[in-house]
Amino acid sequence: MSARETARPDLIQALRQKKHVPVLIVGGGINGVGTFRDLSLQGVECLLVERGDFCSGASRAPSRMIHGGLKYLETGEFRLVRESATERNRLLENASHYVAPLEMIIPIYSWFGGSWAATRKFFRLPAKMTERGALVIKLGLWLYDVYGAFNRAVPRHRMIARQDMLREMPDMDPGIRLAASYYDAWIISPERLVVELALDGMAAHPDSMALNHMRFLGVVGNEVELEDTTSGETFRLTCDILVNAAGAWIDKVNTAAAAPARRMIGGTRGSHLMLDLPALAETLHGRMIYFEAEGGRICILSNFMGHVLLGSTDVPVDDPEGVICEDSEVDYLLAAFRRVFPDVPVARSDIFFSYAGVRPLPAGDASDPGAISRDHSLPELAPAGERRFPILSLVGGKWTTFRAFSAEVTDAVLARLGKSRRFTTESTPIGGGVGLSQAAAPTERLLSAITREHGLTRSRAQQLVTRYGARASGVAAALAGGEHRLAALPEFSREEIAHVCASEFVETAEDFLFGRTSVFLERPLGHAALKELVAVIGDLRGWDSGRRAREVDALVARYARVHRIDISEQRGERPQFI
């Protein structure tokens with residue numbers, strides 16, 4: 001789609017003319033946007049609204065894994081494991097520009113630990129896994145290979161002798177007995193993939209619209225009331241079906257929609273830390289360590305763009321607003337780190353970013369948060385009172401299975417609208433994944449075309465392809481007249497930022513920094529980078545000095561409030577965890 005076709009003011013003008021839409025989707029996370037795309041592809045006009053930016057909730061706070069759910073074998077969720085492994089393989093093909101195979105390493109400390117607990121769990125009897133020995137892990141990985149056999153996209157598992165593991169990773173705890181290796185996948189930029197899904201949906205149906213910064217206020221009579229948070233303008237329209245994809249806020253949206261009181265969500269907080277430990281990151285050789293913390297809880301540690309990503313926690317929360325990585329979680333994660341790498345010095349001063357999100361898990365009374373199902377469901381609230389349309393709520397789910405969940409929701413909506421599915425999305429590439437694959441040849445052809453047609457260096461072309469996939473050609477065309485790189489944020493040029501802002505619904509500097517890039521995780525950023533970014537976007541949008549100051553203040557405040565990082569001007573170019 002062109003910048004003109006995706007300009008937000010044009011869509012707002014079109015919204016003013018709308019009195020009715022067949023499907024209204026509330027929530028712009030991965031499940032909501034995935035459903036928006038699938039329905040649009042089936043010829044159904046949809047309106048998606050998100051009160052913040054796209055992918056601004058739990059969808060922006062994952063462990064950056066696309067995985068088959070090895071740990072779900074312990075809870076007997078075999079259908080979910082099968083679906084997850086299959087969907088992982090599909091994402092490796094359909095979104096190869098952002099999703100790539102990832103080798104996982106499991107340190108093992110015993111031969112038979114956890115065998116009795118695993119047996120009880122297999123037969124659906126109560127048990128808690130506090131240790132997983134070689135026998136349990138070997139059996140689990142064998143089953144995992146079986147479930148991932150359909151359209152296999154990654155190698156099978158292997159066991160690694162202790163001495164070989166310590167030779168490859170000399171910092172690992174020498175107390176291990178052996179290690180296991182298996183493959184899942186990782187996602188470079190979940191934020192960008194969500195935006196591309198939204199763009200795909202609008203390209204598929206000319207009347208479908210996905211709008212960020214559009215708040216769902218509630219239902220008045222039989223009308224839905226919306227508010228543009230950038231201007232305060234309100235809109236009213238009717239719909240045939242409301243799809244509640246608000247994640248951890250599902251219950252709040254249903255209450256605002258005058259639905260009968262019914263608790264659907266029992267979310268848990270997952271927190272992560274980014275550690276400035278480049279030497280350790282290099283010794284990981286691009287692999288992720290999948291290991292046990294004290295008590296048997298699974299943690300992950302990986303090399304993300306030259307730094308160490310450490311997560312995650314699983315803490316029940318009652319209110320999803322304003323969640324952060326708490327001090328207790330920081331202590332827990334650093335202790336888990338020291339367990340697997342006891343001789344690597346790590347401290348709070350090494351943290352350059354933290355983030356937390358609330359998983360929209362089904363409500364329940366499980367004493368162990370890790371035992372709550374990660375499967376998805378679609379409860380329906382029938383029309384009630386003056387509200388004549390049903391509400392379908394998207395409960396649960398996870399990044400890996402969003403396409404399957406979206407297809408399930410789409411089929412349910414189509415049935416209620418009396419329509420039929422036109423085609424499946426199982427093999428439909430996403431956004432910049434069109435024409436690419438895990439093979440090198442398509443990428444090499446794209447790189448050659450960009451350097452030949454737009455005069456960019458090969459290294460710059462590679463940077464753009466890594467960032468945008470096949471969509472890099474359109475970005476490169478916008479740069480062909482020359483570029484002016486930023487001084488404090490040299491990963492970007494003024495021209496690249498201008499193209500992204502014009503074509504991808506960027507309303508604020510926060511939208512660009514946190515929703516269209518992953519640079520905030522790639523390295524520590526200083527105050528100068530924030531100030532320069534705001535200056536560039538301000539020049540493009542004609543912001544006055546007051547708006548520019550507010551945008552800088554908003555970025556600094558977000559870093560402190562949400563990510564616990566002091567990036568104020570007084571800190572200079574070295575942010576500090578607070």
Legend entry - Flag side-chain contact, heavy atom, 4.5 Å: Gln576 against Ile565: no
Inset, instruction - Could you tell me whether a side-chain N or O of Thr401 sits under 3.5 Å from a main-chain N or O of Gly397, the two making a donor and an acceptor? - result: no
Legend entry - Exam field: side chain Thr234 to backbone Glu227, donor-acceptor pair closer than 3.5 Å: no
Inset, instruction - Taking all non-hydrogen atoms of both residues into account, name the closest pair between Leu211 and Met214 and its distance. - result: O-CB, 3.9 Å
Inset, instruction - Inspect the contact between Glu191 and Arg60 and indicate whether a charged nitrogen and a carboxylate oxygen are less than 4.0 angstrom apart. - result: no
Inset, instruction - Would you sort out whether Val534 and Leu555 count as a side chain to side chain contact (heavy atoms under 4.5 Å, CB included), showing the intermediate values? - result: CA-CA 9 Å; Val534 169; Leu555 286 172; 3.8 Å; yes
Inset, instruction - Say whether, by atom type as modelled, one donor and one acceptor occur between the side chain of Ser406 and the main chain of Phe402 under 3.5 angstrom. - result: yes
Legend entry - Ser354 side chain to His272 backbone, donor-acceptor under 3.5 Å: no
Inset, instruction - Identify the heavy atoms of Gly474 and His499 that sit nearest to each other, and give their distance. - result: O-CE1, 3.8 Å
Inset, instruction - Could you walk me through whether Asp319 and Arg269 pass the salt bridge (charged side-chain N to carboxylate O under 4.0 Å, His left out) test, one step at a time? - result: CA-CA 10 Å; Asp319 187 354; Arg269 182 176 66 241; over 6 Å; no
Inset, instruction - State whether Arg494 and Asp539 are salt-bridged, where the test is any N-O pair (Lys NZ or Arg NE/NH1/NH2 against Asp/Glu carboxylate O) under 4.0 Å. - result: yes
Inset, instruction - Any chance you could lay out the side chain to side chain donor-acceptor pair (under 3.5 Å) test for Gln462 and Thr466, step after step, and finish with the verdict? - result: CA-CA 6 Å; Gln462 179 66 66; Thr466 300; 3.2 Å; yes
Inset, instruction - Verify, without hydrogens or angle tests, whether Arg359 (side chain) and Ala58 (backbone) share a donor-acceptor contact under 3.5 angstrom. - result: no
Legend entry - salt bridge (charged side-chain N to carboxylate O under 4.0 Å, His left out) between Arg548 and Asp553, intermediate numbers included: CA-CA 9 Å; Arg548 295 177 191 228; Asp553 289 345; over 6 Å; no
Legend entry - Six-ring centre of Phe492, Arg467 cation under 6.0 angstrom, axis tolerance 45°: yes
Inset, instruction - Kindly indicate whether a cation-pi arrangement holds for Arg339 with Phe291, taking the cut-offs as under 6.0 Å to the six-membered ring centre and within 45° of the axis. - result: no
Inset, instruction - Check for a donor-acceptor pair, side chain of Ser208 on one end and backbone N or O of Gly201 on the other, with a separation under 3.5 Å. - result: no
Legend entry - Distance-minimising heavy-atom pair for Pro190 and Pro62: CG-CG, 4.1 Å
Legend entry - Glu510 with Arg558: basic N within carboxylate O range, under 4.0 Å: yes
Inset, instruction - Apply the test side chain to side chain contact (heavy atoms under 4.5 Å, CB included) to residues Glu103 and His285: give CA-CA distance (whole Å), side-chain angles for both, the deciding distance (0.1 Å), then the verdict. - result: CA-CA 10 Å; Glu103 186 179 8; His285 304 294; over 6 Å; no
Legend entry - Polar side-chain atom of Ser302 near backbone of Met288 as donor-acceptor pair, under 3.5 Å: no
Legend entry - From CG (Leu48) to OG (Ser40), nearest 0.5 Å: 9.0 Å
Inset, instruction - Specify the closest pair of heavy atoms between Glu551 and Ala509, including all atoms of both residues, with the distance to one decimal. - result: OE1-N, 2.9 Å
Inset, instruction - Using the test side chain to side chain donor-acceptor pair (under 3.5 Å), find all partners of Arg192 that sit at least two apart in sequence or belong to another chain. - result: Tyr98, Glu504
Inset, instruction - Please name the pair of heavy atoms, one in Leu333 and one in Leu310, separated by the smallest distance, quoted to 0.1 Å. - result: O-CD2, 3.3 Å
Legend entry - Asp276 and Arg523: CA distance, side-chain angles, deciding distance, salt bridge (charged side-chain N to carboxylate O under 4.0 Å, His left out) verdict: CA-CA 8 Å; Asp276 190 12; Arg523 64 179 177 90; over 6 Å; no
Legend entry - For the student: nearest non-hydrogen atoms of Ala248 and Val358, plus distance: CB-CG1, 3.6 Å
Legend entry - His307/Phe352 under ring-ring contact (aromatic ring centres under 6.0 Å, His included): CA gap, chis, key distance, verdict: CA-CA 10 Å; His307 297 279; Phe352 71 87; 5.0 Å; yes
Inset, instruction - Mark yes or no for whether Asp350, through its side chain, and Ala347, through its backbone, hold a donor-acceptor pair below 3.5 Å. - result: yes
Inset, instruction - State whether the side chain of Asp331 and the backbone N or O of Ser328 hold a donor-acceptor pair below 3.5 Å, judged by distance alone. - result: no
Inset, instruction - Could you tell me whether the side chain of Leu486 reaches within less than 4.5 Å of the side chain of Val536, counting heavy atoms only? - result: yes
Inset, instruction - Please examine the side chains of Met305 and Ile188, heavy atoms only from C-beta on, and report whether any two atoms are closer than 4.5 Å. - result: yes
Legend entry - Modelled atom types, side-chain donor and acceptor of Gln463 and Ser459, under 3.5 Å: no
Legend entry - Trp249 six-ring centre to Arg51 NZ/CZ under 6.0 Å and within 45° of normal: yes
Legend entry - NZ/NE/NH1/NH2 to OD/OE distance under 4.0 Å, Arg485 and Glu491: no
Legend entry - Any donor-acceptor pair under 3.5 Å from Arg541 side chain to Cys501 backbone: yes
Inset, instruction - Could you tell me whether the side chain of Lys18 reaches within less than 4.5 Å of the side chain of Arg236, counting heavy atoms only? - result: no
Legend entry - Interatomic distance, Leu540 atom CG to Ile497 atom CD1 [nearest 0.5 angstrom]: 7.5 Å
Inset, instruction - Please assess Val506 against Arg8 for the test side chain to side chain contact (heavy atoms under 4.5 Å, CB included), listing each intermediate value before the final yes or no. - result: CA-CA 9 Å; Val506 174; Arg8 191 172 184 275; over 6 Å; no
Inset, instruction - For Glu233, enumerate each residue passing the salt bridge (charged side-chain N to carboxylate O under 4.0 Å, His left out) test, keeping only those at least two apart in sequence or located in another chain. - result: Arg16
Inset, instruction - Answer yes if the side chains of Ser231 and Asp228 hold a donor-acceptor pair under 3.5 Å, and no otherwise. - result: yes
Inset, instruction - Report the C-alpha separation of Arg215 and Glu50 in whole Å, then their side-chain angles, then the decisive distance to 0.1 Å, and conclude whether the salt bridge (charged side-chain N to carboxylate O under 4.0 Å, His left out) test is met. - result: CA-CA 6 Å; Arg215 184 191 301 272; Glu50 163 58 48; over 6 Å; no
Inset, instruction - Report the residue from Thr508, Asp511, Asp53 that forms a side-chain hydrogen bond (donor to acceptor under 3.5 Å, both in side chains) with His213. - result: Asp511
Inset, instruction - State, with a plain yes or no, whether a side-chain heavy atom of Val195 is found less than 4.5 Å away from one of Phe505. - result: no
Legend entry - Nearest-0.5 Å distance that lies between atom CG in Leu217 and atom CZ in Phe235: 11.0 Å
Inset, instruction - Answer yes or no: is there a side-chain heavy-atom contact under 4.5 Å between Asp200 and Ile430? - result: yes
Legend entry - side chain to side chain contact (heavy atoms under 4.5 Å, CB included) between Leu197 and Phe36, worked out: CA-CA 8 Å; Leu197 285 164; Phe36 171 81; over 6 Å; no
Inset, instruction - Fit a plane to each ring of Phe353 and Tyr559, take the angle between them on a 0 to 90° scale, and name the class: parallel (under 30°), tilted (30 to 60°) or perpendicular (over 60°). - result: perpendicular
